[in-house]
Amino acid sequence: MPEAAPATCTPAIRVDAAVNRTLAACPEVTVARSATKADRGNAAHAPDPAAVRDCVEAGDWEGAAEAAARVVARPQPLTPAEAWPTMMVLYLQGDMAAAESVLARTGVDADVAQGTDADRALLAAWEASIAWARAGADDCRRAVTRALALARAADDPRALAAAHIVRGLLAAAQDDRRAKDRHYTLALAAAERSGDRTLLLRVRVNRASQRLEEGDLDGARPELDAAAAVLARPGPDPHPAMAGMARTNLADLALRAGRLTAARDEFRAAAALLQRAGTAIVAFPLTGLGQTHELRGDLQQARAAFDEAVLVAEAGGIAAALGPALCGLARVFAAIGDREAGPTAARAVAVADGLARAQAYAAAGWAAAATDPAVASNHAETAITLARAGRNPATLAEALELAAVIAPGGTAESLLADAARVYADIDDPVGAARVALARARAGLGRTPAADRVLAEHRLRALGADPFAGTRSLSGAAVEEPVSVRMLGSFAVLRSGEEVPAAGWQSRKARDLLKLIVARRGRPSTREALGEALWPGADNVANRLSIALSVLRTVLDPERMVPPGHYVVASPAGVAYDPRTLRVDVDVFLQLAEAGVAAAKATAGDPEAADGEARLLLDAAAAAYTGDVLDDEPDLAVAQALREQARAAYLTVMRTLGAVCARAGDTDGAVRSWLLVLERDPYEEDTALRLVETLIAGGRHGEAARHHRLYAQRMGELGVAPRQLPAVDRRSQI
């Protein structure tokens with residue numbers, strides 16, 4: 001469990017009202033306790049601080065919290081034996097100011113006569129934990145050094161475990177993985193010897209958190225299994241804060257594995273458990289709940305959860321929860337265009353420590369991406385450096401993704417490839433699908449349109465919204481500023497709005513775009529363009545330059561990108577860049593090619609018929625909204641592209657019909673083949689497949705009608721109609 005905190009907190013913590021707003025739909029959770037209500041009442045009203053220790057030993061944590069509150073309210077001096085159980089309870093409740101007030105009334109030097117070495121060691125260990133929570137690294141280091149010396153002298157396993165846990169936290173803040181592993185291993189051995197289930201869970205939770213931060217899901221699972229085994233042991237109950245954090249880690253494991261619905265439910269349950277315990281540690285599952293909503297694209301719910309986590313973490317002084325909550329809030333603000341994104345990210349950077357620093361700089365980069373790319377790029381580089389140094393692969397992948405979003409094309413490709421490898425290595429399916437979609441949207445790869453459809457489908461299957469998220473799914477990153485419509489009627493669209501005819505200033509500029517788009521990215525020489533636009537005219541170079549300038553102004557009236565971003569003019573000629581200028585006929589042809597290829601690849605596998613091939617073919621069919629420039633049927637320059645697209649559409653519908661028939665979707669097959677026959681009524685093979693499929697589906701009347709229509713059309717051509725073949729041809733592609 002990460003246990004850092006800022007230098008300030010409030011003495012009183014009240015999380016119920018804040019958490020209730022977020023947990024309205026939470027399931028009921030019961031925290032078992034071994035003590036009876038009568039026992040708790042007697043202990044809570046005991047007149048001396050020993051009551052806290054008695055409740056701790058009995059596993060009566062509610063009684064311990066009540067008794068600790070009475071100790072805080074009484075100003076008498078305390079011995080180490082009286083003080084450390086009270087400080088431990090207050091620490092686990094998240095009340096650092098009250099814990100410090102207890103410490104101030106207690107002798108902490110090694111030569112204090114009262115109490116054993118073990119009691120003094122435990123007092124120093126909890127003093128170190130509180131100093132850690134208050135971001136006092138030097139005080140923490142001094143206290144834990146004293147705690148270890150006293151614990152070793154006493155050979156007390158409970159004190160050794162408590163001290164080694166804090167040494168592990170210090171090592172984590174310094175990105176010293178070797179020291180962190182060593183101290184957690186020593187803490188685990190000592191906690192096992194002590195039989196203290198609260199300390200055992202604290203070690204297991206911290207080790208699981210470490211593995212999850214490193215992207216080692218396989219390494220986290222044994223730690224969480226061990227935590228479950230600790231919870232199942234007989235004896236006094238461990239503190240519910242540790243049980244709640246174990247459940248929070250289970251939720252985090254589900255989140256990182258891409259099981260978003262399960263993660264959401266687990267975070268809610270963990271938060272409910274911790275709320276019942278009255279501990280500010282509830283900020284951790286609230287932060288996780290916010291992250292889950294964020295990945296699902298539920299940005300308003302994410303904002304609410306992060307807001308609550310920030311409120312509770314600030315009240316409890318828990319920086320390890322405050323930093324990630326502020327990071328998530330900054331990302332959400334950036335995605336919805338809220339001006340608070342930058343200040344919120346700056347706060348995250350200010351409170352971040354250790355591994356959290358890389359995450360905070362990544363959040364600051366997302367906050368600046370839409371408004372100041374140079375600043376965002378600097379933050380991305382810092383996050384990459386910190387994540388590599390701290391071996392934090394999840395944040396490294398996110399920082400690479402950020403750098404790619406604001407980088408030029410060639411650089412973006414390599415950055416996204418690196419991010420994809422890291423996400424694959426840590427088994428993060430949501431991150432991998434998000435990067436695949438970012439690559440497709442950037443026009444990278446051989447068939448980006450097909451890749452885009454598949455990536456969007458993968459995200460939806462994981463429960464993530466491809467269009468309403470953060471990071472590279474944010475609105476600024478997703479929006480396509482300019483696109484060209486060639487299927488049906490011609491149009492240029494800016495941010496989804498069609499440029500009116502009056503916005504062109506020159507019909508020749510419109511014709512120029514049609515000419516270069518008809519070439520599908522292949523350069524057209526200036527001479528050829530001049531002849532096509534001004535047949536037989538001399539000295540058209542200047543006219544062409546003017547038309548090109550007008551065209552670029554239409555595509556980018558605010559001069560947001562360099563002149564050659566959409567239309568490239570080089571010695572080889574003039575062409576549009578398919579990676580930056582989206583043309584609907586390009587999208588259709590890519591989908592058609594990929595869908596037909598996928599159908600052929602799965603022709604022998606009936607179970608695959610409803611998979612990738614069906615998805616791509618359906619997308620291609622939907623993308624074909626009409627023939628190329630069908631409102632200008634006599635435009636010679638469009639003829640070749642028109643025929644290419646029309647032929648591809650017929651192939652798509654034939655193939656889609658076969659895929660549907662193979663999957664037993666008679667309606668889909670019939671619908672597809674009727675669309676083919678609508679465009680080509682004399683296509684014999686499709687007519688026969690239609691009849692066969694209707695017969696196989698038991699629709700004999702329809703089959704007879706379509707067979708008569710087929711025979712009539714063959715008669716018009718003077719061709720004898722064929723009888724239905726005996727073989728089953730439904731699976732042919």
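Starting from 1, each residue takes its place in the sequence as its number.
- Every side chain to side chain donor-acceptor pair (under 3.5 Å) that His164 has, sequence neighbours left out, goes to His183.
- Electrostatic pairing of Asp218 and Arg221 counts as a salt bridge here, judged by a charged N lying under 4.0 Å from a carboxylate O.
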(request) Mind running side chain to side chain contact (heavy atoms under 4.5 Å, CB included) on Leu160 and Arg193 for me, showing each step along the way? (result) CA-CA 10 Å; Leu160 283 167; Arg193 278 204 298 139; 3.7 Å; yes

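- The ring-ring contact (aromatic ring centres under 6.0 Å, His included) pairs that include a residue from residues 369-403 are Tyr361-His379, where partners are two or more places apart or lie in different chains.
- When side chains are defined from C-beta on, Trp132 does not count as touching Met96, because their heavy atoms never get closer than 4.5 Å.
- Arg458 is linked by a salt bridge (Lys or Arg N to Asp or Glu O under 4.0 Å) to nothing, counting only residues two or more places apart in sequence or in another chain.
- Not counting sequence neighbours, Thr198 has no partner by the side chain to side chain donor-acceptor pair (under 3.5 Å) test.
- Distance check, rounded to the nearest 0.5 Å: CG of Leu386 to CZ of Arg357 gives 4.5 Å.
- Closest approach of Ala440 to Pro448, counting heavy atoms only: CB-O, 3.3 Å.
- The side-chain heavy atoms of Val435 and Tyr423, taken from C-beta on, include a pair separated by under 4.5 Å.
- Between the side chains of Asp181 and Gln210, at least one donor N or O sits under 3.5 Å from an acceptor N or O.
- Remark: Thr447 OG1 to Leu454 CG distance equals 8.0 Å, nearest 0.5 Å.
- Summarising the geometry of Ala619 relative to Val453, their closest heavy-atom pair is CB-CG2, 4.0 Å, with the distance given to 0.1 Å.
- Taking 4.0 Å as the cut-off between side-chain N and carboxylate O, Arg391 and Glu214 do not count as a salt-bridged pair.
- For Arg446, the salt bridge (Lys or Arg N to Asp or Glu O under 4.0 Å) partners at least two apart in sequence or on another chain are Glu593.
- In this structure, Glu413 contributes its side chain and Gly445 its backbone to no donor-acceptor pair below 3.5 Å.
- For residues 299-333, there are no ring-ring contact (aromatic ring centres under 6.0 Å, His included) pairs, not counting sequence neighbours.
- The shortest side-chain heavy-atom distance between Val230 and Pro238 does not fall under the 4.5 Å cut-off.
- Note that the CD1 atom of Ile281 and the OG1 atom of Thr248 stand 9.5 Å from one another [nearest 0.5 Å].
- Across every non-hydrogen atom of Ser377 and Ile406, the tightest pair is N-CD1, 3.2 Å.
- Take Asp139 and apply the side chain to side chain donor-acceptor pair (under 3.5 Å) test, not counting sequence neighbours, and it matches Arg142.
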(request) Evaluate the criterion side chain to side chain contact (heavy atoms under 4.5 Å, CB included) for residue pair Ser472 and Leu437; output intermediate values, then yes/no. (result) CA-CA 9 Å; Ser472 60; Leu437 183 53; over 6 Å; no

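- Listed by chain and number, the residues in a side chain to side chain contact (heavy atoms under 4.5 Å, CB included) with Asp465 are Phe467, Ala468 (sequence neighbours excluded).
- You'll find the side chain of Thr279 stays beyond 4.5 Å of the side chain of Pro240, heavy atoms only.
- Counting only distance, with no hydrogens or angles, the side chain of Glu127 and the backbone of Ala143 share no donor-acceptor pair below 3.5 Å.
- Within the 3.5 Å criterion, the main-chain N or O of Gly219 finds a donor-acceptor partner in the side chain of Asp216.
- For the atom pair CZ (Arg264) and CG (Leu289), the distance works out to 9.0 Å, reported to the nearest 0.5 Å.
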(request) Could you give me the CA-CA distance, side-chain angles and deciding distance for His293 and Gln300, then say whether side chain to side chain donor-acceptor pair (under 3.5 Å) is met? (result) CA-CA 8 Å; His293 285 314; Gln300 292 305 321; over 6 Å; no

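- The salt bridge (Lys or Arg N to Asp or Glu O under 4.0 Å) check on Arg388 picks up nothing, with sequence neighbours excluded.
- Inter-residue side-chain proximity for Ser474 and Trp366 is flagged as unmet; no heavy-atom pair is nearer than 4.5 Å.
- Considering only heavy atoms from C-beta on, Glu612 stays 4.5 Å or farther from Thr602 through its side chain.
- In this structure, the side chains of Leu188 and Leu200 come closer than 4.5 Å at one or more pairs of heavy atoms.
- A search for salt bridge (Lys or Arg N to Asp or Glu O under 4.0 Å) contacts involving Glu192 returns Arg233, not counting sequence neighbours.
- Nearest heavy-atom pair across Val282 and Ala271 is CG2-O, 3.4 Å.
- Within the model, atoms CZ of Arg197 and CE of Met242 stand 13.5 Å from one another, a figure rounded to the nearest 0.5 Å.
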(request) Could you walk me through whether Leu255 and Phe267 pass side chain to side chain contact (heavy atoms under 4.5 Å, CB included), step by step? (result) CA-CA 10 Å; Leu255 177 65; Phe267 278 127; 4.1 Å; yes

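- The distance from atom CG of Asp252 to atom CD of Glu213, rounded to the nearest 0.5 Å, is 8.5 Å.
- The two residues Arg256 and Ala394 come nearest to each other via the heavy atoms NH1-CB, 4.1 Å.
- A heavy-atom distance below 4.5 Å is not found between the side chains of His239 and Met245.
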(request) Check step by step if side chain to side chain contact (heavy atoms under 4.5 Å, CB included) holds for Arg471 and Glu294. (result) CA-CA 10 Å; Arg471 302 176 176 90; Glu294 179 189 356; 3.3 Å; yes

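- For the pair Leu326 and Val310, the tightest heavy-atom approach, listed with the atom from each and the gap, is CD2-CG2, 3.9 Å.
- Residues that satisfy the side chain to side chain contact (heavy atoms under 4.5 Å, CB included) test with Ala226, not counting sequence neighbours, are Arg204.
- Annotation: side chain to side chain donor-acceptor pair (under 3.5 Å) contacts of Asp428 (sequence neighbours excluded): none.
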(request) Show your working on side chain to side chain donor-acceptor pair (under 3.5 Å) between Thr261 and Arg296 and close with a plain yes or no. (result) CA-CA 9 Å; Thr261 301; Arg296 288 168 59 90; 3.2 Å; yes

